[in-house]
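These notes are about the structure you will find just below.
Order of the sequence lines sets the chain letters (A, B, ...), proteins ahead of strands, with each chain counted from 1.
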Amino acid sequence: MAEQKADQNGEQNKPDGRDFSFEKKWAAQWEKARLYATDTADLSKPKYYVLDMFPYPSGAGLHVGHPKGYIATDVFSRYKRLQGFNVLHPMGFDAFGLPAENYALKNKVHPRVSTDANIANYINQLKIIGFDYDWERMVNTTDPDYYKWTQWIFLKMFEKGLAYESWEPINWCPSCLTGLANEDLEDGKCERCGSPVEKKPLRQWVLRITDYADRLLDDLEKLPHWEPSIKEMQRNWIGRSEGCEIDFAIEGTEQKIRVFTTRVDTIFGCTYVVLAPEHPLVQELKTQIGNWDEVAAYIEKIKNKSDLERTDLNKDKSGLPLQGISAVNPFNNEKVAVYIADYVLNSYGTGAVMAVPAHDERDFEFANKYKIAVRRSIQPALATDGQVTAGSAGDADTLPFTDDGLTVDSGDFSGLPSAEARAKMADWLKKTKNGSGKVNYKLKDWVFSRQRYWGEPIPIIHCEKCGAVGVPEQDLPVRLPEVEQYEPSGTGESPLAKIEDWVSTVCPQCGGPGRRETNTMPQWAGSSWYYLRYIDPQNDRALVDKKLEQHWSPVDFYVGGAEHATRHLIYARFWHKFLFDMGVVAHDEPFTRLQHVGLIMGEDGRKMSKRWGNVINPDDVVAKYGADALRLYEMFMGPFDQAVNWSTRALIGARRFLDKVENLAPRVQPAVASTTPPAATPEPALPKALLSELHKTIKKVGEDIEGFKFNTAVSQMMILVNALAELPAIPRDVYEKFLLILAPFAPFTAEELWSRIGNKPFIHRQTWPQYDPALLQTDSIAVSVQVNGKLRGVLQVPRQATEEEIIAAAGADANIGKYLADGYKKHIYVPGKILNFVV
RNA sequence: GCUGGGAUGGCGGAACUGGCAGACGCGCGGGACUUAAAAUCCCGUACUGGAAACAGUGUGAGGGUUCAAUCCCCUCUCCCAGCACCA
């Protein structure tokens, strides 16, 4: 007795101590059957390429937040496969980069060793969640067979003049001891370690991404299935602005100050000109500047400030007049003072601006501080009725007035609307050779070298005679040498520089002595083209087979974190367009549809992090509740793109749902023996409402998967299961169709139950059910009856009921009738939905 | 400051194209089963009043359009994300 009870308890005690060994069983069988191996050479079926942003394998392993996007693409790809598509859903690892190297430095483990261990751990963690990845196609960016082609792309860019050496000061992280791209900064700090970034002059390799700025911007129009927010972020990052460059002659010299402005229409209000402190003209004018000592001291002060400190001065602009220097406004030949000021950036435009305090906030602030004249040249445009048509009335009397308006006191250009003035003035500039129209971008060329060890070597050999020479293609890959010491030197040289026998080589052009480039590529290099490698991962003769690429590209659906909107996603588009121009790929955009995944936060509402001790490990969740419960919960917890807090409590709902599904299985009607003709043993008549619910579920879940609205898909499945649970016997056909719908979400449970009710594996090779539109409707409909917009009753009427019949029924209803006793003025009837009386 | 997105029960959230606000889940209350607990099942659960029928109120705040507003328009508050002296 006692033993029996213990057994019962053991079995009934859910979810603790549950047996999920069927998950491992099916995973093994799937793998044995190569269920998810994609034959990319099979071009006969329609293809669907679903891609996750591949992870960086960190030592900490996955937490429950990481797989959320992978679960979604997994549901999606399984759904597409059931629909008959040839699906490519691969996974790989972006494994070069600073964390592995820093970890190596700290723990004296070679990055190769720790990276391989981390990758192995990630694969384990991912496999137990039951993803349908084709692991045979895994890519690893640190594999020489892979980075050979990363280097190859760089070489092609070098050949085309898109990769060049530069000695400009760049962002330098004093802690990571490496140069960084603009994209690697967060609030003026190193995105990796949080140290304030300095400007440091350094030899570096740079990619001419600005050559592609217009295409990167314009082609966003070709991407209707990208989220608008991400496109907007890219637009802002590229930051195209149209304006004019204008030359201000420096009085008494041959020199000119070239300024950039988007508001040439305000130029008659220009009362001074500002140069960035670093502007080369300042040094050139040294002898003519009356207060040079003061100026030199100011420049020195600015130079010693980090970017962060400089932008901290946001509210407090500083500057100095250059005494003895004045500039001439070409439009009115007026002499204006010249200043240097830290609110003008040397890195944007021409590093010089014309200041119009009446119509620019910053100039206004500066002019007030230094008592410079403010002169109005734009007034708000007024319509005939005196209403302000441009700018707001509040702005009309107060300066600065920064909206468009009408030009005033602007010589021959007076009285024009701003837009027209800009066009005419640009023409005038061109005609008189005082300037021209000009487009500027915030986007900067991509600083592409890192003075660190763990990255792809840049395939360049420096020769005293020939300069920088590309490594010949047949010599690729340039392998990253094994070293004992990979500490960054901090001198601006990579640790590779210390390996003399690696560095010292022969110039491929002249055969003389050559020295290898010792900088490595940034983290983002390998991820800029990896999606192409999955199509054709073993190819060692080409980056990708042309025919395969043409068939499989572009990626149909790409899912990942929004943090990549302005880095990876711009870099990858840039490289792809370059490869397109080279004829390597057949389409000029890599990703057709893009969806960003909302973060999973800790239960305390903070980001999951060791620091807060709020990390939930998926392995633990899977062990206790099963992989399918984890999958289902993550899809159910909220809208996919929204950040949601993890809740183990709420996860129990998903587990209970799966238990309910499982508990239905014994009540499923047995299969009809195949020898018996189906007509001879008709299925018991299904309640029509149930059939309708089934077809509604097929429709809704399918549409919701397409639209990435998994939370409502799961909720609809729950509604169907709740309805089924009330039946003493479960119609086999309904249960089977339901399992098919469930299969993308809970692949293990669906497979297990599919087999438990006597079907042959694999459910994942079946076909997604069709819904019958005729069955979506029920015989009777509910019409809500309102009186003056307030709900007074709900009528159940036959579907065919006419408007008159429904009005009559409403009048007959006791509660509704009360309100209609004195008659009514009119009514509005929305067929099948609502009837509203106005009394 | 600029750009984009939000604000709905105790909680996560749902609601087609302006048409029954709160689906589904969590939690909570009550009941069944049990010696008991857990698990499971059933009933209830926006708020206020009422035994109930029902009535009133209610989607961040205030106004507007409409027979009808979570949804459209205007003003405002707060939250999240990205960018930020970009001329």
Mate of [N] where both pairing distances stay under 3.5 Å, Watson-Crick or G-U:
N: rC71(B); answer: none
N: rU65(B); answer: none
N: rU3(B); answer: rA81(B)
N: rG9(B); answer: none
N: rU34(B); answer: none
N: rC28(B); answer: rG44(B)
N: rG49(B); answer: rC54(B)

Indicate, with yes or no, if the rings of Trp646(A) and Tyr633(A) have centres closer together than 6.0 Å.
yes
Touch check for [X], heavy atoms < 4.0 angstrom, all strands: base, sugar-phosphate only, or nothing?
X: Asp641(A); answer: nothing
X: Glu232(A); answer: sugar-phosphate
X: Lys700(A); answer: nothing
X: Arg567(A); answer: nothing
X: Ile719(A); answer: sugar-phosphate
X: Pro639(A); answer: sugar-phosphate
X: Gln642(A); answer: sugar-phosphate

Integer angstrom distance from the [atom1] of [N] to that of [M]:
N: rC24(B); M: rC72(B); atom1: C1'; answer: 29 Å
N: rU8(B); M: rA15(B); atom1: C1'; answer: 11 Å
N: rU17(B); M: rC79(B); atom1: P; answer: 31 Å
N: rG13(B); M: rC26(B); atom1: C1'; answer: 11 Å

Can you tell me how the ring of Tyr339(A) sits relative to the ring of Tyr272(A), calling it parallel under 30°, perpendicular over 60° and tilted otherwise?
perpendicular
Regarding Arg655(A) and the six-membered ring of Tyr625(A), is the cationic atom NZ or CZ under 6.0 Å from the ring centre and inside 45° of its axis?
no
Identify whether NZ of Lys or CZ of Arg in Lys317(A) sits under 6.0 Å from the centre of the six-membered ring of Tyr343(A) and within 45° of that ring's axis.
yes
Closest approach to the side chain of [X], judged atom by atom: which nucleotide of [options] is it?
X: Lys660(A); options: rC41(B), rG4(B), rC85(B); answer: rC41(B)
X: Arg792(A); options: rG82(B), rA87(B), rA55(B); answer: rA55(B)
X: Arg656(A); options: rU40(B), rC67(B), rA87(B); answer: rU40(B)
X: Asn711(A); options: rC20(B), rC83(B), rG13(B); answer: rG13(B)
X: Lys790(A); options: rU57(B), rA87(B), rG13(B); answer: rU57(B)
X: Leu791(A); options: rA55(B), rA87(B), rA21(B); answer: rA21(B)
X: Asn836(A); options: rC85(B), rC20(B), rG19(B); answer: rG19(B)

Result for 5'-nearest mapping on RNA chain B, choosing between Asp363(A) and Ser647(A), is Ser647(A)
Does Ala654(A) or Gly789(A) map to a spot on RNA chain B nearer the 5' end, using the closest nucleotide for each?
Ala654(A)
To the nearest 0.5 angstrom, please state how far the NZ atom of Lys438(A) sits from the CD atom of Glu245(A).
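Lys438(A) atom NZ to Glu245(A) atom CD measures 5.0 Å (nearest 0.5 Å).
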Does Lys607(A) have more than 12 heavy atoms from other residues, nucleotides or ligands lying within 6.0 Å of its NZ?
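Not more than 12 within 6.0 Å, no.
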For rC67(B), does the base pair up with any side-chain atom of Lys826(A) as donor and acceptor (N or O, under 3.5 Å, distance only)?
no
Conformer about C1'-N of rG49(B) - syn within 90° of 0, anti elsewhere
anti
